[in-house]
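Mind looking over this structure? Questions follow.
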Amino acid sequence: MFTVKRINLCRLTIVMSFTIALYAGMTSAQQPKVAEARFTAKDTVRQWADKKPETDTFLKNIQWEPGAFEVRCTATPGLRYDALVRFESPVKTGDRWLDEVVLVWYAARGEDGKAIEAPAVLMVHSLHPRMIVADQLAQQFAKQGLHTFVIQMPGYGFRWDKLRRYPGTTTLINGRQTIADCLRAKDAISVLPNIKQGPIALQGTSLGGFVAATVGGVDPSFKPVVLLISGADGYSTLTNGQHDAMYLRNALSQLGYQGESLRDLLDPVEPLHVAQRLDPAQTWMINARDDQTIPRANSDALAEAIGLDDEHRLWVNANHYTAALLLKPVTEKMVQIIKGEEVEAEITVPVFGGSQ
């Protein structure tokens, strides 16, 4: 249901009754071919300052002048997700494809199939060009009663890179935009229908975990923050990590980013600048014990910088890629965290190949 506050914020582009909430409850015969709603959101007014000089400089390099902005929400009948949410990036590159932020909305629904009022999660995807893990996680989150929004980082999905660079390179080259887009996304989500008032959760996987940790440190109002197979010190990760870390390092090297230029490139998305601003009671890390892509030293560095205790660090017996086989129990654990339910440190995994 709409609250009075949200009704006053929206302007519909077709007919006032064509809201996403109503659309979700229609039968296929009733659904219009296109239903688009427009809303007005406002940037959170942040204090871009910190008592730590390094962090203070970092924050000031991200900041932009806050203001009102338009949020367009377009229903996507027949697709696995429910709508596309679009708005202008607060950091402009001059490329219209990159400068329009896209969120893919997987709506929470009740037993009758209609959209319900529920908490929201902003999800930041991994390096994979098709964002497969984020898609699977988002579908499961929505089934568990969470409105889930997957942000497409620069170079991904509808924000395609006409230069067709290696996945992740455009995201990092536009690192300041990447962080700013996630920050503004919180304000865009908050004006949409059926979003329960209260904190918006933040979840990031792998590369998206680096971004999410940085975003959560810049804006500690995201609660909780759940980081999957991720860490910190991006320069060390690319230098020492194997597999995808190595491929991304090589791709960036071919573009001229090596040594200090690589370190400077990664700086806007480096969690260690702001990790101490994350609430250790509202931050969880789930890591793979045999992760060679993001080495143990890098996940430990982030956990130490945040000040996480053992109860907020969960482990799976897998590597960076076989962790996908444990996605179901890991997803269940993350849903428990986001819903504020009691969380046990142990992740119960399925038994393959018969009973034990």
Side-chain angles (χ1 to χ4, degrees), residues 58 61-62 64 86-104 122-135 137-138 149-185 202-218 227-235 237-239 241 243-258 261-274 293-294 298 320:
F58 180 81
N61 287 335
I62 295 174
W64 70 92
R86 289 171 285 187
F87 54 90
E88 276 194 0
S89 172
V91 176
K92 302 297 188 294
T93 67
D95 185 327
R96 68 186 183 93
W97 296 103
L98 296 180
D99 291 350
E100 182 177 64
V101 186
V102 178
L103 307 179
V104 180
L122 175 63
M123 183 175 290
V124 192
H125 61 78
S126 67
L127 184 70
H128 195 288
R130 292 171 54 198
M131 302 165 283
I132 291 176
V133 172
D135 175 72
L137 288 175
F149 298 82
V150 179
I151 187 168
Q152 296 186 343
M153 294 190 286
Y156 285 86
F158 292 97
R159 305 179 73 184
W160 69 294
D161 180 356
K162 58 179 176 288
L163 298 178
R164 300 190 181 279
R165 297 188 179 109
Y166 185 83
T169 55
T170 300
T171 297
L172 295 175
I173 290 170
N174 297 282
R176 179 171 172 260
Q177 183 183 62
T178 299
I179 300 301
D181 292 348
C182 292
L183 293 168
R184 176 169 273 189
L202 180 61
Q203 192 281 324
T205 302
S206 193
L207 171 63
F210 281 76
V211 172
T214 305
V215 170
V218 173
L227 310 171
L228 177 61
I229 51 173
S230 192
D233 191 349
Y235 181 81
T237 300
L238 291 186
T239 300
H243 310 298
D244 278 354
M246 179 185 68
Y247 300 140
L248 181 54
R249 178 180 71 238
N250 291 340
L252 290 169
S253 177
Q254 292 176 15
L255 294 174
Y257 296 102
Q258 301 175 7
S261 64
L262 176 60
R263 192 185 298 274
D264 291 342
L265 175 75
L266 299 173
D267 195 66
V269 296
E270 177 49 62
L272 292 181
H273 291 308
V274 291
T293 301
I294 299 176
N298 295 95
H320 198 77

- Under the 3.5 angstrom rule, does the side chain of H125 hit a backbone N or O of Q152 as a donor-acceptor pair? no
- Item | Check: M123 and T205 side chains under 4.5 Å, non-hydrogen atoms | no
- Message: If I take atom NZ from residue K92 and atom CG from residue N174, how far apart are they, to the nearest 0.5 angstrom?
- Response: 13.0 Å
- Query: Under the 3.5 angstrom rule, does the side chain of D99 hit a backbone N or O of S89 as a donor-acceptor pair?
  - Reply: no
What donor-acceptor contacts under 3.5 angstrom involve side-chain atoms of residues 126-134, with partners at least two apart or in another chain?
| residue | atom | partner | partner atom | Å |
| --- | --- | --- | --- | --- |
| H128 | ND1 | R130 | N | 3.0 |

- CZ of F58 to CD of E270: how many Å apart, nearest 0.5 Å? 8.0 Å
- Query: Are T178 and T214 close enough that some pair of their side-chain heavy atoms sits under 4.5 Å apart?
  - Reply: no
- Message: Any heavy-atom pair between the side chains of L137 and Q203 that's under 4.5 Å?
- Response: yes
- Check the pair Y166 / N250 against side-chain contact (heavy atoms from CB on, under 4.5 Å), numbers first and verdict last. CA-CA 10 Å; Y166 185 83; N250 291 340; over 6 Å; no
- Check the pair L255, R165 against side-chain contact (heavy atoms from CB on, under 4.5 Å), reporting the backbone distance first and the verdict last. CA-CA 9 Å; L255 294 174; R165 297 188 179 109; 4.0 Å; yes
- Query: Does the R159 side chain pair with the main chain of L98, one donor and one acceptor, at a distance under 3.5 Å?
  - Reply: yes
- Message: Do T169 and L252 have side chains that approach each other closer than 4.5 Å (heavy atoms only, starting at C-beta)?
- Response: yes
- Pairwise side-chain contact, I294 with H320, heavy-atom cut-off 4.5 Å (strictly under): yes
- Item | Atom pair CD1/OG1 of I229 and T293 - distance to nearest 0.5 Å | 8.0 Å
- Under 3.5 Å donor-acceptor, R249 side chain and L238 backbone: yes
- Any donor and acceptor pair, going by atom type alone, linking the side chain of N298 with main-chain N or O of D233 inside 3.5 Å? yes
- Is it true that a side-chain atom of S206 and a backbone atom of S230 form a donor plus acceptor pair closer than 3.5 Å? no
- Item | Side chain to side chain, Y156 and T170, heavy atoms closer than 4.5 Å | no
- Should L266 and Y257 count as side-chain neighbours, where that means a heavy-atom distance under 4.5 Å? no
- Is the backbone of N61 close enough, under 3.5 Å, to the side chain of R176 for a donor and an acceptor to pair up by distance? yes
- Task: Verify side-chain contact (heavy atoms from CB on, under 4.5 Å) between V269 and T171, making sure each step is shown before the conclusion.
- Result: CA-CA 10 Å; V269 296; T171 297; 5.9 Å; no
- Task: Take L202 and V124 through the side-chain contact (heavy atoms from CB on, under 4.5 Å) test and state the conclusion after the steps.
- Result: CA-CA 8 Å; L202 180 61; V124 192; 4.2 Å; yes
- Item | Note, L122 side chain near L103 side chain (heavy atom, < 4.5 Å) | yes
- Task: Can you measure from NE2 (H243) to CG (L248) and round to the nearest 0.5 angstrom?
- Result: 14.5 Å
- Is atom CD of E100 surrounded by more than 12 heavy atoms (other residues, nucleotides or ligands) closer than 6.0 Å? yes
